[in-house]
Amino acid sequence: MKAFKESILCAGHGGQGIVSMGKLLAYAGMQAGYQVTFFPSYGAEVRGGTAHSMVRIQYPEAIANPVITHPTVAIIMNKPSLDKFLGRIAPGGVLLYDAAAAEKIPEKTGVTIKKIPCTAIALKLKDKRVANMAALGSLSKIKGLFSLQELIQCLPFIFSGKQDLIEKNTEALRQGFNEV
Amino acid sequence: MTPAKKILITGNEACGEGAVTAGCGFYAGYPITPQNELTAYMSKRMDECGRVFIQSESELAAINMVLGASLTGERAMTTSSSPGISLMQEGISYLAGCQLPAVIVNVMRGGPGLGNIAASQADYFQATKGGGHGDYNMVILAPAGVQEMFECTYEAFDIAERYRNPVMILSDGIIGQMMEPIEVRYPQKSVDPDKSPWALRGCKGRESRSIRSLFLKEGALEEWNRDLQRKFRTMEAKEVRYETYKTGGARLIFVAYGTSARICRAVVDKLRQEGVKAGLFRPVSLWPFPYKKLKGLDKGTTVFFDVEMSAGQMLYDVRLAVADDSRVLFHGRMGGGVPEEADIINIAKKAVKRK
């Protein structure tokens with residue numbers, strides 16, 4: 001296996017599944033045999049406040065610092081988080097953001113920027129909460145860190161085997177993947 | 001590649017599982033962020049195992065329930081975060097005074113006062129220098145990852161019983177809330193409170209016992225204290241724990257524990273890439289502090305760099321060990337701030353250039 005290091009930041013507001021997004025990535029990383037750390041951060045009252053989660057995935061070196069200041073991948077789901085984190089993305093990094101967060105954002109040299117209609121996909125599936133999985137589906141196509149199938153296989157961990165949720169989130173992952 | 005069977009859990013949950021595996025029979029706690037996952041985990045797991053979980057009405061009640069449970073020979077634990085731990089100090093002093101084992105976990109948050117819910121390391125003084133009244137010490141273990149949250153807690157129960165003294169796990173909000181894969185590779189312990197040499201469970205068929213911390217007879221308390229001090233000296237000699245990382249030939253040695261140690265380990269690697277011979281000394285037991293081991297790394301010109309999420313508390317122990325304040329640097333962030341690698345690297349490079 002080739003050596004690599006990714007530091008992934010997921011950010012948005014409480015209720016957007018920001019923590020679940022990070023957990024899914026960390027779990028997929030562990031299943032693939034990589035080193036992983038996951039660190040969530042949210043306000044005292046989760047819903048409505050800003051939330052972010054930080055995931056390091058690397059191989060083969062053990063992870064020292066779980067706190068990420070300059071992510072190589074940023075998945076951003078709302079406008080305040082875009083304002084906060086855009087300037088911190090590492091050179092050569094990737095920014096994936098929800099089209100519902102901002103119509104257009106300024107170019108940033110050395111950063112690949114992708115706008116994905118995550119919320120639109122979720123609304124089509126009649127559940128706003130699955131926008132996060134649409135984002136991860138797109139990320140799978142863009143970064144290739146995990147295949148769509150690998151992500152789908154990890155859903156039972158996040159949703160404790162609840163079949164209806166797993167199916168809906170699987171569909172969101174698929175549609176996000178096909179969007180790119 | 002097929003990795004070993006691993007589970008992805010938070011540090012708080014790993015701590016709880018460490019306690020369950022160590023045979024903890026009694027848990028009392030009151031919810032507080034950033035250790036809520038721990039109380040929640042215990043509410044589920046203790047019930048599954050047929051053991052006692054109590055969500056107490058306050059932290060004050062929790063620590064005194066733990067004292068009561070410990071009196072009956074059960075392995076007992078309570079967990080909280082900074083403000084809650086402050087409330088428990090009287091009970092901790094009583095546990096030490098009565099010579100009763102217990103495990104207390106502090107997942108530190110920003111202070112003083114109610115502070116905030118972010119990670120902090122500002123309770124070092126309270127933990128290591130005696131937060132409660134009277135001459136007492138307790139072994140303080142500082143895990144720096146999720147696997148260690150499990151291991152330190154698992155071991156803490158044995159240490160507590162060995163000395164009949166409370167043991168504290170001093171963690172922080174980042175180590176508590178982060179997730180890492182861990183391997184649970186320790187055997188489940190079973191505890192028989194009836195065989196406990198101190199338990200008060202009825203004295204039919206044996207001599208009666210008494211457990212107290214009140215000694216009014218002239219000279220009795222001093223004698224009791226002398227016994228305690230002998231015990232603390234043994235703990236100092238036997239319970240020192242630490243880890244070194246690339247300290248061989250290092251000109252600059254970071255001293256950090258918990259989350260700060262994780263950050264410094266990343267910094268060591270970055271500095272080494274730039275040709276600065278850096279290393280890390282990580283105390284795992286904050287009491288007893290590994291003074292001799294740290295002193296042993298001093299080549300006379302070595303620069304020591306203490307990094308903490310506080311205004312500088314362990315710093316005093318580092319100064320004491322090195323005995324030359326001009327070679328001890330410090331960087332700290334307060335109130336939930338987390339030291340950034342770039343800031344630490346800047347200070348380190350300037351110091352190495354000067355020397």
Side-chain angles (χ1 to χ4, degrees), chain A residues 1-3 5 7-8 10 14 18-46 49-71 88 90 150 153-158 160, chain B residues 1-12 32-34 36-37 109 114 116-119 144-147 172-183 245-246 254 256 258-270 280 282 307 309 333 336-344:
Chain A
M1 221 177 319
K2 230 177 95 186
K5 278 186 186 180
S7 350
I8 305 166
C10 308
I18 301 303
V19 170
S20 306
M21 230 193 296
K23 269 189 197 169
L24 186 76
L25 288 170
Y27 191 74
M30 180 180 80
Q31 294 297 89
Y34 303 144
Q35 306 277 358
V36 299
T37 58
F38 160 86
F39 175 58
S41 168
Y42 34 81
E45 48 292 299
V46 176
T50 59
H52 60 264
S53 59
M54 299 168 172
V55 184
R56 280 194 200 269
I57 304 177
Q58 61 190 55
Y59 182 84
E61 197 183 313
I63 298 166
N65 184 2
V67 183
I68 296 168
T69 25
H70 301 292
R88 297 200 204 162
E150 281 178 297
Q153 277 168 2
C154 295
L155 287 174
F157 169 76
I158 304 296
S160 320
Chain B
M1 178 182 168
T2 347
K5 171 87 180 127
K6 286 182 171 176
I7 51 169
L8 183 67
I9 55 172
T10 64
N12 285 329
I32 182 170
T33 308
N36 279 323
E37 297 82 7
R109 63 185 246 176
L114 211 45
N116 63 16
I117 59 166
V146 177
Q147 183 77 43
D172 64 67
I174 292 179
I175 300 294
Q177 293 194 319
M178 73 185 282
M179 288 178 118
E180 284 182 304
I182 71 161
E183 290 172 49
Y245 180 68
K246 298 186 179 174
F254 289 96
T259 291
S260 297
R262 296 288 292 254
I263 296 167
C264 287
R265 204 175 86 203
V267 167
V268 165
D269 288 341
K270 286 186 176 167
L280 168 67
R282 178 171 76 89
V307 177
M309 297 193 292
R333 293 282 305 273
V338 179
E340 289 198 15
E341 291 176 26
D343 295 335
I344 301 171

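In what follows, chains carry the letters A, B, and so on, assigned in the order in which the sequence lines appear, proteins first and then strands, with residues in each chain numbered from 1. These numbers come from the heavy atoms of this one structure, side chains and all, not from hydrogens, waters or symmetry mates.
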Search all heavy atoms of B:A118 against all heavy atoms of B:G336 and return the closest pair with its distance. CB-CA, 3.6 Å
Identify which part of B:I9 has an atom lying under 4.5 Å from any heavy atom of chain A, answering side chain, backbone, both or neither. neither
Can you establish whether the number of heavy atoms outside B:K270 located under 6.0 Å from its atom NZ is more than 12? no
d(A:I57 CD1, A:L25 CG) to nearest 0.5 Å is 5.5 Å
Contact leader toward chain A among B:V268, B:I7, B:T259, where contacts are heavy-atom pairs under 4.5 Å: B:I7
Selection from A:V55, A:I63, A:T69 maximising heavy-atom pairs under 4.5 Å formed with chain B: A:I63
How far does CD1 of B:I175 sit from CZ of A:F39, to the nearest 0.5 angstrom? 9.5 Å
For a side-chain contact (heavy atoms from CB on, under 4.5 Å) check, start with the C-alpha distance between A:Q31 and A:E150, then their side-chain angles and the critical distance, and finish with the verdict. CA-CA 9 Å; A:Q31 294 297 89; A:E150 281 178 297; over 6 Å; no
Relative to chain B, which segment of A:Q35 carries a heavy atom at a distance below 4.5 Å: side chain, backbone, both, or neither? neither
Counting only non-hydrogen atoms closer than 4.5 Å, does A:T37 touch chain B with its backbone (N, CA, C, O), its side chain (CB onward), both, or neither? both
Most heavy-atom pairs under 4.5 angstrom with chain A, which of B:M178, B:M179, B:E180, B:R265? B:M179
Could you tell me which portion of B:E340 (side chain, backbone, both or neither) has an atom closer than 4.5 angstrom to a non-hydrogen atom of chain A? side chain
Regarding B:E341 and A:N65, do their side chains bring together a donor and an acceptor under 3.5 Å, going by distance alone? yes
Checking heavy atoms, do the side chain of B:D269, its backbone, both or neither come under 4.5 Å from chain A? side chain
In Å, rounded to the nearest 0.5 Å, how long is the span from CZ of A:R56 to CZ of A:F38? 14.5 Å
Between B:A266, B:A261, B:P181, the one whose heavy-atom pairs under 4.5 Å with chain A are most numerous: B:P181
